[in-house]
Amino acid sequence: QVQFVESGGGLVQPGGSRRLSCAAPGFSLDGYAIGWFRQVPGREREGVSCVSSSDRSTVYADSVKGRFTISRDNAKNTVYLEMNSVKPEDTAVYYCAANLLRSRCSSSILPLHEYSYWGQGTQVTVSS
């Protein structure tokens, strides 16, 4: 069974940076839009960013636009999320997943039900 593996989380100070990685053992990311999501306890999982397959166009949630950068390296079968100027409200468990219905991201990143192969997530805590 395919399951993505997120890594790179940890404790980061406000204003700092962190790079998250999303690997997909046994599954080729090529041809699929890949999304990053985050969730805090008691709240719904929200879309953070998405990167399309062919033209690598990107979509960002307003809350992270200008601070986060998503990228993909199909040769390494990995997607990255570069987090800069992080804020305490960025604290969450971050997940990646593949949109098996689209090669291009929707403008809203959602809906969640189009995404599969969720990993265990990686915790990012922004605190001084």
Side-chain angles (χ1 to χ4, degrees):
Q1 182 174 351
V2 176
Q3 186 174 45
F4 285 10
V5 179
E6 302 92 346
S7 62
L11 177 64
V12 57
Q13 292 188 342
S17 298
R18 201 82 179 182
R19 188 175 82 157
L20 306 183
S21 298
C22 169
F27 178 81
S28 175
L29 299 178
D30 195 14
Y32 302 101
I34 305 298
W36 277 100
F37 303 82
R38 65 187 182 186
Q39 189 170 23
V40 297
R43 297 182 62 180
E44 292 186 354
R45 191 166 297 186
E46 64 171 342
V48 174
S49 185
C50 180
V51 58
S52 300
S53 177
S54 55
D55 62 0
R56 305 194 180 187
S57 58
T58 56
V59 178
Y60 296 94
D62 288 343
S63 59
V64 306
K65 200 171 294 182
R67 300 186 298 119
F68 290 11
T69 301
I70 190 172
S71 62
R72 63 191 297 162
D73 185 336
N74 285 349
K76 294 183 178 180
N77 208 40
T78 303
V79 175
Y80 304 97
L81 184 69
E82 184 75 35
M83 307 169 62
N84 296 313
S85 302
V86 296
K87 305 174 181 179
E89 50 263 43
D90 294 322
T91 296
V93 178
Y94 284 74
Y95 302 88
C96 61
N99 190 320
L100 300 186
L101 301 181
R102 300 174 189 262
S103 60
R104 288 181 57 85
C105 303
S106 70
S107 59
S108 68
I109 306 172
L110 300 172
L112 287 178
H113 70 256
E114 292 186 354
Y115 289 84
S116 298
Y117 305 146
W118 297 92
Q120 296 297 313
T122 185
Q123 174 73 47
V124 174
T125 301
V126 182
S127 175
S128 56

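Cluster membership check: F37 does not share its hydrophobic cluster with I70, using side-chain heavy-atom separations under 4.5 Å among Ile, Leu, Val, Met, Phe, Trp and Tyr. Under a hydrophobic clustering in which Ile, Leu, Val, Met, Phe, Trp and Tyr are joined whenever their side-chain heavy atoms come within less than 4.5 Å, directly or via other members, V48 and L112 fall into different clusters.
Within the structure, no pair that satisfies the salt bridge (Lys or Arg N to Asp or Glu O under 4.0 Å) test touches residues 69-79, not counting sequence neighbours. Within the structure, the side-chain hydrogen bond (donor to acceptor under 3.5 Å, both in side chains) test picks out no pair touching residues 3-14 (sequence neighbours left out). Contacts classified as ring-ring contact (aromatic ring centres under 6.0 Å, His included) and involving residues 57-105 (residues at least two apart or in different chains) are not found. Counting only residues at least two apart or in different chains, salt bridge (Lys or Arg N to Asp or Glu O under 4.0 Å) contacts with residues 117-128 are absent. Contacts classified as salt bridge (Lys or Arg N to Asp or Glu O under 4.0 Å) and involving residues 97-114 (residues at least two apart or in different chains) are given here: D55-R104, R102-E114. Identified under the salt bridge (Lys or Arg N to Asp or Glu O under 4.0 Å) test for residues 117-126, with sequence neighbours left out: none.
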Using atom types as modelled, flag every donor-acceptor pair under 3.5 Å from a side chain in residues 21-33 to any protein atom, sequence neighbours excluded.
unit_1	atom_1	unit_2	atom_2	d
S28	OG	D30	N	3.4
D30	OD1	N74	ND2	3.3

When the side chains of residues 116-125 are checked against the rest of the protein, which donor-acceptor pairs come out under 3.5 Å, sequence neighbours left out?
unit_1	atom_1	unit_2	atom_2	d
W118	NE1	Y115	O	3.4
T122	OG1	G9	N	3.0
Q123	NE2	A92	O	3.4
Q123	NE2	T125	OG1	3.4

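Taking E46 as the reference, R38 meet the salt bridge (charged side-chain N to carboxylate O under 4.0 Å, His left out) condition, with sequence neighbours excluded. Residues satisfying the salt bridge (charged side-chain N to carboxylate O under 4.0 Å, His left out) test with R67, not counting sequence neighbours, are D90. Residues passing the side chain to side chain contact (heavy atoms under 4.5 Å, CB included) test with S54, sequence neighbours excluded: none. Partners of S103 by side chain to side chain contact (heavy atoms under 4.5 Å, CB included), not counting sequence neighbours, listed by chain and number: S53.
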Legend entry - From CA spacing to verdict: side-chain contact (heavy atoms from CB on, under 4.5 Å), I109, W36: CA-CA 9 Å; I109 306 172; W36 277 100; over 6 Å; no
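Closest non-hydrogen pair, C105 versus V59, comes out as CB-CG2, 3.9 Å.
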